[in-house]
Amino acid sequence: MRDQYGREINYLRISLTDRCNLRCCYCRPEIARQLAHSEILTYEEILTVCKAAAALGVQRFKVTGGEPLLRRDCVFFLHQLKLLAERGKVTLTTNGILLPAVVPELVKMGLDGINISLDTLDRQRYAQITGVDRLAEVLQAIRQACAAGIKVKLNCVPLQDMTFAELLELVAFAQNLQVPLRFIELMPLSCNNAVEGLAGSEIRSRLTAAGFTLTPDKNIYGGGPAVYYQLENRKAPIGFIEPLHGKFCACCNRIRLTATGYLKTCLYGHSGVDLRELLRSGADDTKLQQAILQAARQKPLGHDFEHAPAAFTMNEIGG
Ligand code: SAM
């Protein structure tokens with residue numbers, strides 16, 4: 001399916017829950033009201049939406065949250081989604097804390113990849129950023145997923161006060177495991193205005209000043225907007241996702257389903273359609289497809305993060 005600007009929409013992010021076991025300072029710093037079970041879509045309802053999306057050309061499904069692994073039977077859902085997606089890709093994004101227990105099942109069901117959030121290797125800093133002292137579990141999860149042969153990518157939201165030593169440690173950790181490390185530019189939300197991110201350009205200059213050569217890497221490592229570089233003699237690329245300084249709305253291929261069943265056509269604004277209402281009023285597959293198509297056509301040209309912070313917490317949408 002294409003929007004009114006000719007962009008192909010083939011990627012759906014699905015938030016399974018607003019709940020999270022972290023309280024990252026840039027994502028959802030306050031404890032907010034949690035959604036009631038009746039407010040969130042059932043797995044059956046989500047799969048109905050995914051089936052309609054697949055019929056319209058969606059080939060990549062990213063399962064997110066909140067923390068998706070907090071939702072009961074998440075792996076069962078992933079498996080059902082994988083069967084539905086046929087040759088499409090199903091991937092997960094997680095903070096890793098609950099991952100070790102489900103790695104074997106994820107391998108068995110053929111999950112296509114996992115993004116794991118890792119902002120620092122410093123235990124104290126991790127606790128400061130996320131509100132919990134659980135770095136060791138996350139590191140174990142990353143090692144275990146890699147050892148099991150799952151395609152892993154690490155996602156770091158670099159903050160202004162990240163030291164060069166911290167940066168180098170993260171790079172070395174990712175290189176040792178031979179996994180891509182991606183730096184995601186902090187998106188300003190009304191809940192995180194006290195937090196300042198570290199620009200991708202600053203990270204690149206710091207690495208260059210320390211003697212690293214960053215060579216643009218044109219290989220494709222997924223369906224997203226990251227720009228990759230190879231470090232000389234190194235074993236995995238580092239990537240930059242820069243929604244503000246490397247604005248990529250012109251090639252945005254994604255739509256998002258919130259846990260409450262709202263199909264958002266741009267991360268930033270409210271444009272979209274309430275699919276929960278449609279699903280619960282008995283809409284058939286054709287009606288659902290029409291609603292998705294119509295909403296996708298109206299996808300805004302771009303976000304406006306550079307002018308005003310967005311008025312949501314990221315766990316509501318799934319990033
Ligand atoms: N809990 C899961 C995880 O950790 O991947 C999935 C949800 S989380 C909202 C998805 C990603 O969004 C994480 O990598 C997180 O660091 C990132 N994120 C959250 N708030 C952000 C913000 N304000 N700007 C940029 N990235 C953000």
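Computed from a prediction, not measured in an experiment: that's the story for all the values here. FYI, side chains are in, hydrogens and waters are out, and symmetry mates aren't considered; it's all heavy atoms of this structure. In listed order, ligands and their atoms are each counted from 1.
For R72 against Y43, the heavy-atom pair with the smallest separation is O-OH, 2.8 Å. The shortest heavy-atom contact between A54 and L84 is CB-CD2, 4.4 Å. Looking at every heavy atom in both residues, P100 comes nearest to Q144 through O-NE2, 3.1 Å.
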**Candidate pair R182 and Y228, rule side-chain hydrogen bond (donor to acceptor under 3.5 Å, both in side chains), full reasoning** = CA-CA 8 Å; R182 294 115 52 86; Y228 286 98; 2.9 Å; yes

**Message:** F240 vs H245, test: ring-ring contact (aromatic ring centres under 6.0 Å, His included). Steps then yes/no.
**Reply:** CA-CA 10 Å; F240 295 87; H245 289 92; over 10 Å; no

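Looking at V157 against ligand 1, only its side chain comes within 4.0 Å, counting heavy atoms. For L189, every heavy-atom contact with ligand 1 shorter than 4.0 Å involves the side chain, none the backbone. The proximity of S117 to ligand 1, defined as any non-hydrogen pair under 4.0 Å, is limited to the side chain. Proximity of N115 to ligand 1, defined as any heavy-atom pair under 4.0 Å, is not found for any part of the residue.
Between the side chain of D73 and the backbone N or O of F76 there is no donor-acceptor pair closer than 3.5 Å.
Looking only at heavy atoms of the protein, atom 19 (C) of ligand 1 is closest to M314 CG, 3.5 Å. Distance from atom 18 (N) of ligand 1 to its nearest protein heavy atom, with residue and atom name: Y26 CE1, 3.8 Å. Here the protein heavy atom with the shortest distance to atom 24 (N) of ligand 1 is M187 N, 2.8 Å. Residue, atom and distance of the protein heavy atom nearest to atom 5 (O) of ligand 1 are T93 OG1, 2.6 Å. Scanning the protein for heavy atoms near atom 10 (C) of ligand 1, the closest one is G318 O, 3.9 Å.
The only member of K151, K153, K82 that meets salt bridge (Lys or Arg N to Asp or Glu O under 4.0 Å) when paired with D112 is K82.
Within the structure, ligand 1 lacks R28 among the residues with a heavy atom less than 4.0 angstrom away.
Applying the salt bridge (Lys or Arg N to Asp or Glu O under 4.0 Å) rule to pairs touching residues 204-233 yields E202-R206, R204-E242, sequence neighbours excluded.
Taking CZ of F248 as the reference point, atom CG of N253 lies at 10.0 Å (rounded to 0.5 Å).
For a threshold of 3.5 Å applied to N or O pairs, the pair formed by E67 and ligand 1 contains at least one separation below that value.
For ligand 1, the atoms lying closer than 4.0 Å to a non-hydrogen atom of T64 are 6 (C), 7 (C). The contact set between ligand 1 and N192, taken as ligand atoms under 4.0 Å from a residue heavy atom, comprises 23 (N).
When the heavy atoms of P188, G319, G66 are ranked by distance to atom 6 (C) of ligand 1, first place goes to G66.
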